[in-house]
Amino acid sequence: MTDSLVPVLEAQEKMDTDKMWVIWGPQHPFSHGLWTLKLKIDGEFIVDADPIVGYLHRGWEKETENRDYARIIPMTDRLCYCASMTYSHLYCMTVEKALGIDIPEKAKYIRIVADEVCRIQSHLMWLAAVGTDLGNLTVFLWAMREREYFLDLNVKLCGARMTTNYPRIGGVRNDTTPLFDRDILRTVERFEKAMWDIIYLIDDSSVFVSRMKGISYMTREQCANLGLTGPAMRGCGVDFDIRRDDPYDNYDKVNFEVPVLNKEKKVGDTYDRYMIRIEEMFQSCDIIKQAVQKINAIGKNAPYRLKTPTKVPAGTTFGRLEDPRGESIMYLVSDGTDKPWRLKVRSPIFTNVSCSKAMCDGIRIADVPAVLAQIDMCLGETDR
Amino acid sequence: MADVIQAPTVDQVSEILKREFPDISILCVEERRVKVKCPREISHDVCVFIHDNLTFEHCSVVTGVDYEDHMMVVYLIANYYNGLMIDMDVDVPNDDPHVASVSDIWGGANWHERETWELFGIVFDNHPRLERLLTPDTYEFFPFRKSYKLRSQE
């Protein structure tokens with residue numbers, strides 16, 4: 001913390017400038033949604049930041065108290081269009097836990113495949129956003145092109161591109177469609193090659209790299225204490241992934257390495273927080289390949305969905321899942337009826353954006369888009 | 001105080017918490033999950049102990065639940081070394097909804113507590129900045145309380 005203040009203090013010595021609040025947003029190209037970032041600047045340097053969210057608050061959690069359990073699934077898709085699959089998965093998983101049922105093996109693997117496809121397409125959306133934030137429109141176009149192949153997989157699996165409405169309490173809505181395994185393996189193999197084009201484009205561009213390297217260091221302790229989760233925290237040396245360390249569904253039965261940068265250094269900059277997501281996409285490809293093999297091994301006519309009661313026994317429970325953006329938690333209080341008494345959503349970005357004061361501390365105002373692009377902003381789930 | 005135990009097991013957590021704080025009741029212990037109930041007078045001390053001695057570095061969630069006859073503050077606290085989570089419930093009465101803030105222990109709890117205050121009206125004492133976050137500043141009611149009915153619930 002003290003190190004990052006050094007240039008600020010030096011600048012203060014040279015000339016006596018007034019500090020000024022600059023307000024970015026709610027309508028600003030960097031914000032990717034409706035939110036405001038108030039920055040207190042001293043010349044070029046940021047000395048304080050105050051994010052303001054809530055423009056999209058629609059009382060999501062209160063709204064769910066008025067619906068029966070099955071009718072909440074489409075609502076979970078609307079929390080974030082990039083992570084619709086993981087949110088509906090999380091919701092169904094939480095209700096299943098409250099019901100105390102174990103879903104069929106096949107459904108678990110289908111959910112893994114769907115989750116990882118969701119993770120890749122969400123990361124590609126983020127990559128497109130980073131491209132535009134840093135002024136490289138080619139990255140945007142190429143990433144969006146790659147993303148479209150994965151959205152096509154969503155269409156093949158469940159008929160919708162983004163708001164999928166696919167997981168169900170007790171399994172998934174439908175079995176994999178014919179030739180889905182062939183299509184997904186083709187897409188993944190194609191993607192693993194095509195991704196290198198984008199990586200070369202970014203890593204060979206000195207503009208891109210120099211805008212991210214050495215900017216906005218976050219230590220491991222800061223990340224853990226401030227609640228920064230997901231790829232951003234793994235880029236800063238926190239060796240934790242819910243898929244591996246707190247496994248849900250069948251993630252403990254697939255082999256994968258969790259990419260973690262700066263494990264020894266325990267401090268990471270914006271470039272590390274960028275790099276980790278690129279590595280994560282390749283890891284997701286690996287998981288998809290394994291899970292597709294397992295689905296094929298289980299066979300065609302295996303059950304993929306259980307019938308479940310509409311009423312959930314009274315009690316409290318929570319589910320925890322690794323979202324593309326971080327740690328998602330749903331906390332469910334049921335009262336024995338067919339409607340939840342309370343459903344709390346822990347959105348990873350809600351907490352990640354509250355760290356923007358720590359992230360922006362001492363950086364130049366021109367670096368703000370590069371730094372905050374690594375949050376991967378999505379307002380639907382932040383404001384709920 | 002006990003020594004620092006990095007990555008304690010669920011049995012260790014429940015055993016140590018029971019020994020250090022006799023007022024705590026352990027509600028249930030599952031795989032990687034401990035559910036405890038804690039009186040609100042000692043909730044801050046318990047959180048300091050969980051953070052310092054049991055290495056739970058990350059506060060995932062602070063939220064409220066309105067049970068109509070009383071309210072409850074829920075803390076979900078995570079350990080990064082072994083994926084353990086403590087689910088800590090603190091009851092607060094309706095006529096005096098106060099509980100100590102934990103945002104001095106976990107910085108990440110700051111916004112969660114602001115959100116809980118604005119939606120449930122539970123006051124977190126010693127919070128650095130208890131202002132409305134998601135709802136407009138002009139609101140004078142707490143919309144997530146059960147006494148606040150939606151039009152379709154009336």
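Atom set for the values below is all heavy atoms of this structure, side chains included, hydrogens, waters and symmetry mates excluded. Below, read A as the first sequence line, B as the second, and so on, with proteins coming before strands; counting in each chain starts at 1.
- With a 4.5 Å cut-off on non-hydrogen atoms, A/Leu228 touches chain B through its backbone but not through its side chain.
- Contact count against chain B (heavy-atom pairs under 4.5 Å) is highest for A/Asp50 among A/Leu56, A/Val238, A/Asp50.
- The existence of a salt bridge linking A/Asp48 and A/Lys40 is excluded, since no basic side-chain nitrogen approaches an acidic carboxylate oxygen closer than 4.0 Å.
- Under the 4.0 Å criterion applied to side-chain N and carboxylate O atoms, A/Arg325 and A/Asp376 are assigned as salt-bridge partners.
- Contact annotation for A/Asp239: only backbone heavy atoms (N, CA, C, O) come within less than 4.5 Å of a heavy atom of chain B.
- Contact tally against chain B (heavy-atom pairs below 4.5 Å) for A/Arg342, A/Glu221, A/His57: the top residue is A/Arg342.
- Panel note: side chain A/Arg346, backbone A/Glu327; a donor-acceptor pair is recorded below 3.5 Å.
- To the nearest 0.5 Å, atom NE2 of residue B/His51 and atom CG of residue B/Asn79 are 10.5 Å apart.
- Neither the backbone nor the side chain of B/Arg114 comes within contact range of chain A; no heavy atom of the residue lies under 4.5 Å from a heavy atom of that chain.
- For chain A, no part of B/Arg132 is nearby; none of its heavy atoms comes within less than 4.5 Å.
- Residue A/Pro348 does not touch chain B at all, counting heavy-atom pairs closer than 4.5 Å.
- In terms of heavy-atom pairs under 4.5 angstrom with chain B, the leader among A/Asn352, A/Ile329, A/Thr382 is A/Ile329.
- Under the 6.0 Å distance and 45° angle rule, A/Lys97 counts as a cation-pi partner of A/Phe318.
- Heavy atoms of A/Val53 lying under 4.5 Å from chain B belong to its backbone as well as its side chain.
- No part of B/Asn110 comes within reach of chain A, as not one of its non-hydrogen atoms sits under 4.5 angstrom from that chain.
- Contacts between A/Arg244 and chain B at a heavy-atom distance below 4.5 Å are absent for every atom of the residue.
- At a 4.5 Å heavy-atom cutoff, the contact between A/Thr351 and chain B is made by side-chain atoms alone.
- Here B/Trp111 and A/Phe350 bring their ring centres to under 6.0 angstrom of each other.
- The candidate from A/Ile52, A/Asn225, A/Asp245 with the greatest count of non-hydrogen atom pairs under 4.5 Å with chain B is A/Asn225.
- Put simply, NZ on B/Lys18 and CD1 on B/Ile24 are 11.0 Å apart, with the number rounded to the nearest 0.5 Å.
- Going from atom CG of A/Asp335 over to atom OH of B/Tyr67 covers 9.5 Å, rounded to the nearest 0.5 Å.
- Chain B forms the most heavy-atom pairs under 4.5 Å with one residue out of A/Tyr331, A/Phe240, A/Tyr55, A/Trp341, and that residue is A/Trp341.
- Heavy-atom distances place no part of B/Glu31 under 4.5 Å from chain A, backbone and side chain included.
- For a residue to count as touching a neighbouring chain, one of its non-hydrogen atoms must lie under 4.5 Å from one of that chain's; by this rule A/Arg58 does not touch chain B.
- For B/Leu76, the part sitting under 4.5 Å from any heavy atom of chain A is the side chain, from C-beta outward, and nothing else.
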Between A/Ser216 and A/Gln374, does a side-chain contact (heavy atoms from CB on, under 4.5 Å) hold up when you go through it step by step? CA-CA 11 Å; A/Ser216 174; A/Gln374 313 309 328; over 6 Å; no
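- Exactly one residue among B/Asp96, B/Asp91, B/Asp125 makes a salt bridge (Lys or Arg N to Asp or Glu O under 4.0 Å) with B/Arg40. That residue is B/Asp96.
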